[in-house]
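A quick write-up on the structure given underneath.
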Amino acid sequence: MPFRFKSLAPYLFVGPAVLAVAIFLYGPLVASMLLSVVDWNLLSADIRFVGVDNYASIFDNPDFRMAAWNTLLYCVVLIPAEIVIPLIFAVMLHSVRKNPLQGLYRGSLFLPTIVAYSVAGVAWSWLFNPVNGLFNEVLGYFGFPPSRWHTDPNLALFCVSLVTFWKTFGLNMLLWLAALANLPKQLREASQLDGAGSTRHFFSISLPLMTPTAFFISVTTFFHVLDDIVGIIDVLTHGGPAGRSSSLLYFLWQQGLLFFQFGPASAVAVIIIVLVLAITWLQFRVSEKRVHYR
């Protein structure tokens, strides 16, 4: 009996975690794949197999094409910003690490990350208010005409990007800061003896040693961008005006939970999963070779 329990013990410890992953990760994935090829509203007993018709209807939908294009623009704008700008802030914080106020600086920059998306969206909607918002008041003070900000089709996407960046950049900043604090001090001293300046030391020594962190941030930021913009879009613009600030995940939410079109919504979910897997595979294929582990 003790021998049998000892042999089963590892499975008993791992079992709950495996069960949770199977139920909450792979279960919805399989359900989405099945729902994407049927016509069913989840309420009636009438289930009709439609094959790829849901996918065809999605690709024929101009709102889906607009959401896909917007998602690409969000990634182009936010992914570089959420990698590079937090690194700049981390370098600045690391340079004043002995300052008594360093903790205050770090806490102030990280504070937006813990703010709820609903609170962030409402607060920025007051700032963006086209009638009496703070930003238009500042523009008027300097003699510039008011802007429509998030209600302008040409600016809505960038307003959502700005709020999303403000809300989320703190986590990457802390990751970069931890990587900088982990660098061997001996290398800094050696580079100073060789006459290397701060810029040369950063690009030739510090940055190559932080490539594991850079790789992790680049992979996770892609996932975060797809997910983080949804809460801001829902509160700030509702996907408008004219769908110019929508995204694939927000379009999925609209199709499934607003219009109860679960077949097309599941088709969008499968498309997103395939895109995420393909891009993640490409990131590992291209970037992992340039990662230097010490």
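Side chains are part of it too, since the values below use all heavy atoms of this structure and drop only hydrogens, waters and symmetry mates.
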Spell out, yes or no, whether Val119 and Val163 are grouped together once hydrophobic residues are joined by side-chain heavy atoms under 4.5 Å, including indirect joins. no
Evaluate the side-chain proximity of Leu109 to Met173: yes if any heavy-atom separation is below 4.5 Å, no if none is. yes
Where does the angle between the aromatic ring planes of Trp124 and Phe128 fall among parallel (under 30°), tilted (30 to 60°) and perpendicular (over 60°)? tilted
Do you know the tightest heavy-atom contact between Phe202 and Leu87? CZ-CD2, 4.0 Å
Spell out, yes or no, whether Val235 and Leu157 are grouped together once hydrophobic residues are joined by side-chain heavy atoms under 4.5 Å, including indirect joins. no
Is the shortest side-chain heavy-atom distance between Ser247 and Ile233 below 4.5 Å? yes
Non-hydrogen atoms of Met66 and Arg244 that approach each other most closely: CE-CD, 3.9 Å
Quick one: pull up CG in Asp228 and OG in Ser161 and give me the separation to the nearest 0.5 Å. 11.5 Å
From Leu282 atom CG to Arg285 atom CZ, the distance as rounded to the nearest 0.5 Å: 9.5 Å
Separation between CG (Leu277) and CD1 (Ile272), nearest 0.5 Å, reads 12.0 Å
side-chain contact (heavy atoms from CB on, under 4.5 Å), that's the test. Do Val37 and Val52 meet it? Break it down for me. CA-CA 6 Å; Val37 294; Val52 296; 5.9 Å; no
Distance-only, no hydrogens or angles: does the Asn54 side chain make a donor-acceptor pair with backbone N or O of Val38 under 3.5 Å? yes
Any chance you could lay out the side-chain contact (heavy atoms from CB on, under 4.5 Å) test for Ile217 and Thr213, step after step, and finish with the verdict? CA-CA 6 Å; Ile217 289 176; Thr213 301; 3.7 Å; yes
same_hphob_cluster(Met210, Ile205) at 4.5 Å side-chain heavy-atom cutoff: yes
Is there a side-chain contact (heavy atoms from CB on, under 4.5 Å) between Leu236 and Val160 once you walk through the steps? CA-CA 7 Å; Leu236 197 62; Val160 171; 4.3 Å; yes
Any donor-acceptor pair under 3.5 Å linking the side chain of Ser32 with the backbone of Ala269? no
Taking atom OG of Ser206 and atom CZ of Arg200, what is their separation to the nearest 0.5 Å? 12.5 Å
Within the side chain of Asn70, is there an N or O that forms a donor-acceptor pair under 3.5 Å with the backbone of Gly243? yes
Which pair of heavy atoms, one from Ser246 and one from Gln254, lies closest together, and at what distance? OG-OE1, 4.4 Å
What verdict does the ring pair (Phe, Tyr, Trp, His ring centres under 6.0 Å) test give for Phe262 and Trp40, after you've listed the backbone C-alpha separation in whole Å, the side-chain angles of each residue and the deciding distance to 0.1 Å? CA-CA 7 Å; Phe262 293 105; Trp40 185 36; 8.3 Å; no
CA sep, side-chain torsions, deciding dist, call: Asn99, Tyr105, side-chain hydrogen bond (donor to acceptor under 3.5 Å, both in side chains): CA-CA 10 Å; Asn99 191 307; Tyr105 300 150; 4.5 Å; no
Side chains of Leu174 and Phe89 in contact at under 4.5 Å (non-hydrogen atoms): no
Do Leu139 and Pro145 come close enough that some side-chain heavy atom pair is under 4.5 Å? no
Candidate pair Leu104 and Ser108, rule side-chain contact (heavy atoms from CB on, under 4.5 Å), full reasoning: CA-CA 6 Å; Leu104 177 63; Ser108 300; 4.0 Å; yes
Listed partners of Asp39 passing salt bridge (charged side-chain N to carboxylate O under 4.0 Å, His left out), at least two apart: Arg48
Nearest non-hydrogen partners of His224 and Leu171, listed with the distance: CE1-CD2, 4.3 Å
Asn129 CG to Glu137 CD distance, which is reported to the nearest 0.5 Å: 9.5 Å
Under 3.5 Å: donor-acceptor pair, side chain of Thr221, backbone of Ser218: no
Is Ile229 reachable from Phe158 through a run of I, L, V, M, F, W or Y residues, each pair having side-chain heavy atoms under 4.5 Å apart? yes
Quick one: pull up CD1 in Ile232 and CH2 in Trp166 and give me the separation to the nearest 0.5 Å. 8.0 Å
Same cluster or not: Val21 versus Ile23, using hydrophobic residues (I, L, V, M, F, W, Y) connected whenever any side-chain heavy atoms lie under 4.5 Å apart? no
Val18 side chain reached by Tyr11 side chain, heavy atoms, under 4.5 Å: no
Specify the closest pair of heavy atoms between Phe223 and Thr280, including all atoms of both residues, with the distance to one decimal. CZ-OG1, 3.3 Å
Show me, pair by pair, the donor-acceptor contacts under 3.5 angstrom made by side chains of residues 72-86, not counting sequence neighbours?
| from | atom 1 | to | atom 2 | distance (Å) |
| --- | --- | --- | --- | --- |
| Tyr74 | OH | Ser245 | O | 2.7 |
| Glu82 | OE2 | Thr168 | OG1 | 2.8 |

Answer yes or no: is there a side-chain heavy-atom contact under 4.5 Å between Val138 and Phe144? no
Between Trp253 and Tyr250, does a ring pair (Phe, Tyr, Trp, His ring centres under 6.0 Å) hold up when you go through it step by step? CA-CA 5 Å; Trp253 174 81; Tyr250 189 75; 5.4 Å; yes
Would a distance-only check, ignoring hydrogens and angles, find a side-chain to backbone donor-acceptor pair under 3.5 Å from Arg65 to Phe59? yes
Within the structure provided, determine whether Phe110 and Thr113 are in side-chain contact (heavy-atom separation under 4.5 Å). yes
Decide yes or no for Asp63 and Phe251: does some side-chain heavy atom of the first lie under 4.5 Å from some side-chain heavy atom of the second? yes
Which atom names give the shortest non-hydrogen contact between Ala120 and Val115, and what distance separates them? N-CG1, 3.9 Å
Sub-3.5 Å donor-acceptor pair from the side chain of His238 to the main-chain atoms of Asp234, do we have one? yes
Surrounding OH of Tyr26 (heavy atoms of other residues, nucleotides or ligands, distance under 6.0 Å), is the total greater than 12? no
